Amino acid sequence: MAEAQRDGRRQNRPLSVTLVILGVLLFGLANGWRALGLIRQSSLLLELGAKPDPRICAAVAMAWAIPFVGLAFAMWRSRRYTRVAAPLAILVYGVIQVVLPGLCTQAAQSTGRWPVGAIMYAIAALLSALALNVGAGRIYFDDR
């Protein structure tokens with residue numbers, strides 16, 4: 001095995017790909033943590049009359065946590081489809097995170113923050129697409 005690494009058959013993971021893996025994993029862990037917190041506090045939130053239902057929010061957070069963690073694992077294993085799937089997942093997640101609060105809250109409360117959130121998610125999707133599809137990222141996924 002040491003000879004295979006010396007021969008150059010095993011390519012090291014570029015820093016850009018590692019950073020995207022870490023970011024996608026953090027999206028997954030943050031959603032898992034959000035789901036856990038909502039589940040633990042759901043009785044209090046229901047008593048206070050929180051809208052939307054915290055159990056639904058917990059299910060949605062868990063529904064995002066599982067694919068993001070799975071996507072991070074797939075990128076770690078250098079699966080080719082992740083070059084497209086990771087930026088697309090970040091973009092779809094961003095759209096949902098920007099649009100959904102606007103639908104669930106009053107218009108005056110949600111209009112001030114959505115441009116910043118939209119720009120941040122768009123930048124994250126663009127940078128992840130660049131990191132995975134240009135230069136060393138493309139070589140890393142194509143050599144397998």
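Just so you know, these numbers come straight off a predicted model, no measurement behind them.
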**Prompt:** Do any pairs count as a side-chain hydrogen bond (donor to acceptor under 3.5 Å, both in side chains) and have a residue in residues 124-135, sequence neighbours left out, and if so which ones?
**Reply:** R83-N133
**Asked** Does anything in residues 54-76 pair up under salt bridge (Lys or Arg N to Asp or Glu O under 4.0 Å), and if so which pairs, sequence neighbours excluded?
**Response** D53-R55
Kindly list each side-chain donor-acceptor pair under 3.5 angstrom involving residues 41-50, sequence neighbours excluded, with atom names and distances?
residue: S42; atom: OG; partner: I39; partner atom: O; Å: 3.2

**Asked** In Å and rounded to the nearest 0.5 Å, what is the CZ to OG1 distance from F141 to T82?
**Response** 4.0 Å
**Prompt:** If you measure from CD on Q97 to CD1 on I90, what distance do you get to the nearest 0.5 Å?
**Reply:** 13.0 Å
**Request:** Not counting sequence neighbours, list each pair that qualifies as a ring-ring contact (aromatic ring centres under 6.0 Å, His included) and has a residue in residues 117-137.
**Result:** Y93-Y121
**Message:** Going by side-chain contact (heavy atoms from CB on, under 4.5 Å), name the residues that satisfy it together with W33, two or more places apart in sequence or in a different chain.
**Reply:** L36
**Prompt:** Hey, does N12 have a side-chain heavy atom less than 4.5 Å from the side chain of Y140?
**Reply:** no
**Complete:** Residues at least two apart in sequence or cross-chain that pass side-chain contact (heavy atoms from CB on, under 4.5 Å) with M120, listed by chain then number, are V116
**Asked** Atom CZ of R13 and atom CD1 of I21: how far apart are they, to the nearest 0.5 Å?
**Response** 4.5 Å
**Prompt:** Mind checking whether M62 and F27 sit in one hydrophobic cluster, side chains of I, L, V, M, F, W, Y counted as touching below 4.5 Å?
**Reply:** no
**Prompt:** Is V92 linked to L71 within one hydrophobic cluster, defined over Ile, Leu, Val, Met, Phe, Trp and Tyr using a side-chain heavy-atom separation of less than 4.5 Å?
**Reply:** yes
**Prompt:** By side-chain contact (heavy atoms from CB on, under 4.5 Å), which residues pair with A63, not counting sequence neighbours?
**Reply:** none
**Fill in**
Residues at least two apart in sequence or cross-chain that pass side-chain contact (heavy atoms from CB on, under 4.5 Å) with A131, listed by chain then number, are S16, V20
**Item:** Listed once per pair and sorted, the side-chain hydrogen bond (donor to acceptor under 3.5 Å, both in side chains) pairs that draw on residues 57-73, sequence neighbours left out
**Value:** none
**Fellow cluster residues of V134, listed by chain then number, with links counted only when side-chain atoms sit under 4.5 Å apart** = L126, L130
**Request:** Check whether V95 and L127 end up in the same hydrophobic cluster, where Ile, Leu, Val, Met, Phe, Trp and Tyr are linked by side-chain heavy atoms less than 4.5 Å apart.
**Result:** no
**Fill in**
Residue set satisfying side-chain hydrogen bond (donor to acceptor under 3.5 Å, both in side chains) with R40, at least two apart, ordered chain then number -> none
**Request:** Could you work out the complete set of other residues in the hydrophobic cluster of V69, with links drawn between I, L, V, M, F, W and Y side chains under 4.5 Å apart?
**Result:** L25, L29
